[in-house]
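What follows is one structure encoded as structure tokens, with my remarks underneath.
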Amino acid sequence: MNLSEQEIVRREKLAKLREMGIDPYPAALYPVNNTTAKIKADFKEDKQVIIAGRLMSRRIQGSASFAELQDADGRIQVYFNRDEICPGEDKSHYNDVYKKLLDIGDIIGIEGTLFTTKVGEMTVMVNNFTLLTKSLKPLPLPKTDADGNTYDGFVDPEMRYRQRYADLVVNPQVKEVFVKRTKMFNAMRTFFNDREYFEVETPILQPIPGGAAAKPFITHHNSLDIPLYMRIANELYLKRLIVGGFDGVYEFSKNFRNEGMDRTHNPEFTAMEIYVAYKDYNWMMEFTEQLLEYCAVAVNGSTTSTFGDTQIQWKAPYPRVTMTDAIKQFTGFDITGKSESELFAFAKANHIDVNPTMGKGKLIDEIFGEKCEGNFIQPTFITDYPKEMSPLTKEHREHPELTERFELMVCGKEIANAYSELNDPIDQRERFEAQAALADRGDDEAMFIDQDFLRALEYGMPPTSGLGIGMDRLIMFLTNNPSIQEVLFFPQMRPEKTVTVELNEDEQAIYDLLLKQETMELDALKDASGLSNKKWDKAVKGLTGKKVAKVAKTDDGLFISAV
RNA sequence: GACUUGGUAGCUCAGCUGGUAGAGCAUAACACUUUUAAUGUUAGGGUCCUGGGUUCGAGCCCCAGCCAGGUCACCA
């Protein structure tokens with residue numbers, strides 16, 4: 001391992017601590033009875049507290065020192081005084097352990113007494129401290145001044161995502177996002193559970209990936225010797241449960257799509273899907289706007305949230321615009337009753353990237369996506385999508401070329417998608433067959449025919465409305481983060497290059513021998529290694545090439561030494 | 001996938017028409033018992049992402065690659 005100067009120093013401190021009989025990684029529990037936040041909320045002079053956390057800053061002034069301790073709730077100032085910690089003759093606990101052997105980042109426990117300093121800072125006077133974990137790697141520590149301005153922030157996105165643990169330690173605002181994320185999940189659960197909908201779990205490994213148009217990840221089950229797919233959606237399983245007699249089921253579903261990654265797409269992401277029997281999409285719109293208002297308040301304490309330059313108003317109700325009206329509004333073009341060629345001509349004339357393989361539905365979708373979608377900033381329901389684009393949706397009760405579907409647009413992006421669910425098994429079979437035809441033409445995202453799902457529908461699924469919400473995107477809007485990576489603890493990244501030098505078997509064997517002796521005569525090492533001439537030559541060249549060993553020629557002969 | 005920006009000390013960043021690699025914080029040493037971006041003095045710390053090329057000489061110029069960010073496309 002290549003250690004930096006600071007890492008070496010910390011390892012030396014670790015050894016010294018052990019010499020002094022201090023276990024840097026003790027096993028025993030530490031009897032914490034307070035947190036920094038609780039102390040601040042209920043501050044009483046002279047109160048005794050036991051807290052634990054990470055040492056985050058130190059200001060040493062001889063035989064006294066101020067420091068900051070950070071726990072899960074925040075930070076508090078702590079005051080180390082030599083005579084307080086070491087009342088007797090032996091001052092080593094302060095002079096050596098605290099001043100010399102502790103580092104920023106170490107996790108310590110503190111028994112202390114609350115007091116207020118001259119300048120009015122709530123502070124814990126340390127009566128005794130215990131090292132709980134020695135930190136061997138320096139934290140990328142930003143400094144914050146009295147006005148809350150941050151200097152030398154840990155901001156490199158690559159390092160922040162790869163080392164989220166460090167990001168969370170030093171960037172409190174990052175933690176805040178994830179606290180909000182969990183608040184949102186909890187709020188949704190509460191909202192659904194209060195209405196007696198039932199949280200369920202359905203398979204992630206699916207023999208047929210259904211419920212959405214997307215490329216799946218494929219894997220293999222050895223015992224069964226069959227391919228399995230990581231789910232791209234859980235829709236068809238939840239509907240099976242409605243067939244089975246549940247009135248309302250929901251699931252927070254980790255979905256997996258083998259597609260591109262960008263600011264708004266991660267290969268695995270979380271959707272929430274809920275299905276409620278005996279409802280339609282009109283009911284679902286009301287339900288959705290109430291849900292989102294509820295969540296916005298739970299997360300931010302307000303029905304408005306800021307995203308970039310815009311204030312999003314989450315207060316229900318939201319406007320409802322049919323797709324036809326939306327297109328009319330932004331292009332002046334009425335798609336009602338238009339033929340495929342008329343739609344194609346219009347799209348072409350408006351410089352929309354279309355091709356002749358596109359059907360009516362796809363053309364309409366392109367026109368909407370290009371000319372309208374981005375204009376819906378405040379939450380708006382877009383309703384009544386073309387049938388061709390929606391193979392799981394019930395035909396519109398008045399317009400047979402449309403479906404009873406809505407998407408909720410916020411800041412020009414879709415965050416929710418809902419239908420009056422198609423429950424006519426014969427219609428569903430025909431829609432699947434149309435998808436299969438698309439697949440035959442080479443559409444690798446067309447849906448598979450799921451015979452078991454059709455069998456379920458044949459038993460009869462009550463009229464049902466379903467809703468899917470992209471949880472990651474929703475939390476992006478509620479926490480003002482334009483990138484999905486900021487709302488996932490561990491966003492997908494390309495594997496890191498291994499920085500450490502990797503040695504092959506022969507090289508490692510020679511290197512181990514070499515380490516015992518530091519420097520050896522070349523021939524002696526060769527004999528010790530027992531390798532053939534050829535292998536020996538290759539291994540030594542490997543070692544010198546990787547700069548872990550070097551060969552030197554002196555008057556006494558050739559010598560090799562570890563670097 | 002295309003374009004674009006970046007990769008230099010533990011962290012944040014400088015760097016000259018191409019000539020011995022810099023700062024702040026962090027680290028180490030000394031001083032300092034109510035400070036708070038503590039302070040003062042001193043010191044150490046670098047495969048300048050990788051591999052080629054041009055050159056007497058490359059962190060800098062050229063080519064290829066790797067990783068990341070952004071924009072667009074694809075995708076929802």
Side-chain angles (χ1 to χ4, degrees), chain A residues 2-10 12-13 56-68 75-85 94 99-100 103-105 115-123 125 135-163 166-167 170-171 212-215 232-233 255 257-267 269 271 353 365 369 373 389 407 413-417 443-445 468 470 472-473 482-486 491 493-499 501 546-548 563:
Chain A
N2 280 329
L3 295 179
S4 70
E5 182 194 28
Q6 295 191 43
E7 289 171 310
I8 292 165
V9 166
R10 287 189 181 211
E12 287 166 1
K13 291 179 178 181
M56 293 303 279
S57 74
R58 291 205 291 176
R59 297 177 286 278
I60 294 175
Q61 302 159 72
S63 46
S65 167
F66 288 93
E68 278 178 298
R75 291 188 189 184
I76 196 161
Q77 177 167 273
V78 294
Y79 178 63
F80 289 82
N81 183 299
R82 186 178 63 197
D83 296 334
E84 193 66 39
I85 294 165
Y94 179 83
K99 265 172 80 173
K100 307 264 189 199
D103 283 294
I104 289 175
F115 77 107
T116 311
T117 63
K118 270 188 206 162
V119 290
E121 183 82 18
M122 289 184 280
T123 304
M125 165 86 74
S135 163
L136 295 181
K137 203 171 175 61
L139 285 167
L141 197 61
K143 302 280 278 185
T144 307
D145 70 13
D147 302 326
N149 302 312
T150 301
Y151 302 86
D152 300 340
F154 182 52
V155 292
D156 178 30
E158 178 171 4
M159 280 201 280
R160 286 184 46 236
Y161 302 150
R162 288 195 198 278
Q163 302 185 38
D167 189 28
V170 305
N171 289 326
K215 289 175 206 143
I232 55 174
N255 295 339
R257 297 188 183 176
N258 204 344
E259 294 169 351
M261 295 161 56
D262 61 25
R263 212 169 74 260
T264 55
H265 296 84
N266 194 67
F269 65 98
D353 185 22
D365 196 54
E373 197 173 65
M389 304 298 296
E407 291 192 351
K413 301 272 183 203
E414 172 216 334
I415 62 164
N417 182 18
D443 184 343
D444 55 3
E445 289 184 348
D472 308 298
R473 288 199 189 169
S483 162
I484 197 170
Q485 297 166 109
E486 294 292 347
M493 303 283 276
R494 268 208 170 74
E496 248 177 308
K497 259 190 297 184
T498 43
V499 194
V501 183
K546 287 163 190 167
K547 292 180 181 158
V548 295
V563 177

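As the structure is a prediction and not an experimental result, all values here were calculated from the model. So that the names make sense, note that chain A is the first sequence line, chain B the second, and so on, each numbered from 1.
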**Asked** Distance check: side-chain N/O of A:K13 vs OP1/OP2 of B:U27, anything under 4.0 Å?
**Response** no
**Request:** Return no unless some side-chain N or O of A:K137 is found under 4.0 Å from OP1 or OP2 of B:C11.
**Result:** no
Mind checking the [atom1] distance from [N] to [M]? Whole angstroms is fine.
N	M	atom1	value
B:G52	B:A9	C1'	27 Å
B:C63	B:U20	P	26 Å
B:G22	B:C61	C1'	22 Å
B:C25	B:G45	C1'	14 Å
B:G10	B:C49	P	13 Å
B:G7	B:A38	C1'	34 Å
B:G40	B:G65	P	50 Å
B:G57	B:G1	P	37 Å

**Request:** Do nucleotides 71-76 of chain B as a string where each nucleotide becomes B, S or -: B if the base has a protein heavy atom under 4.0 Å, S if just the sugar-phosphate does, - if no protein is that close.
**Result:** S--BBB
**Complete:** Protein heavy-atom contacts under 4.0 Å, written 5' to 3' over nucleotides 32-38 of chain B as B (base), S (sugar-phosphate only) or - (none), form the string BBBBBBB
Within the distance-only criterion (no hydrogens, no angle test), does the side chain of [X] pair as donor or acceptor with the backbone N or O of [Y] below 3.5 angstrom?
X	Y	result
A:N171	A:F154	yes
A:R58	A:S65	no
A:R59	A:F66	no

**Fill in**
Between A:P157 and A:E5, whichever has its closest RNA chain B nucleotide further toward 5' is A:E5
Are [X] and [Y] packed together at the side-chain level, in the sense that at least one heavy-atom pair is separated by less than 4.5 angstrom?
X	Y	result
A:F269	A:R473	no
A:E12	A:I8	yes
A:Q77	A:T117	yes
A:T144	A:T150	yes
A:M56	A:L141	yes
A:D472	A:N266	no
A:E259	A:H265	no

Name the pairing partner of [N], where a pair is Watson-Crick or G-U wobble with both distances under 3.5 Å, or state none.
N	value
B:A23	B:U12
B:A58	none
B:G70	B:C3
B:U35	none
B:A28	B:U42
B:U17	none

From [atom1] of [X] over to [atom2] of [N], roughly how many Å is that when rounded to an integer?
X	N	atom1	atom2	result
A:L3	B:G45	CG	P	16 Å
A:Q6	B:A28	CD	C1'	10 Å
A:D167	B:G69	CG	C1'	15 Å
A:I8	B:G45	CD1	C1'	10 Å
A:Q163	B:C67	CD	P	18 Å
A:I104	B:C11	CD1	P	15 Å
A:D156	B:A68	CG	P	11 Å
A:I484	B:G69	CD1	P	13 Å

**Prompt:** If you check the A:S483 side chain, which of B:G70, B:C11, B:A28 turns out closest?
**Reply:** B:G70
**Request:** Among B:U27, B:U12, B:C30, find the nucleotide with the atom closest to the side chain of A:V9.
**Result:** B:U27
**Request:** Would you tell me whether A:E486 and A:S483 have side-chain atoms, one donor and one acceptor, within less than 3.5 Å of each other?
**Result:** no
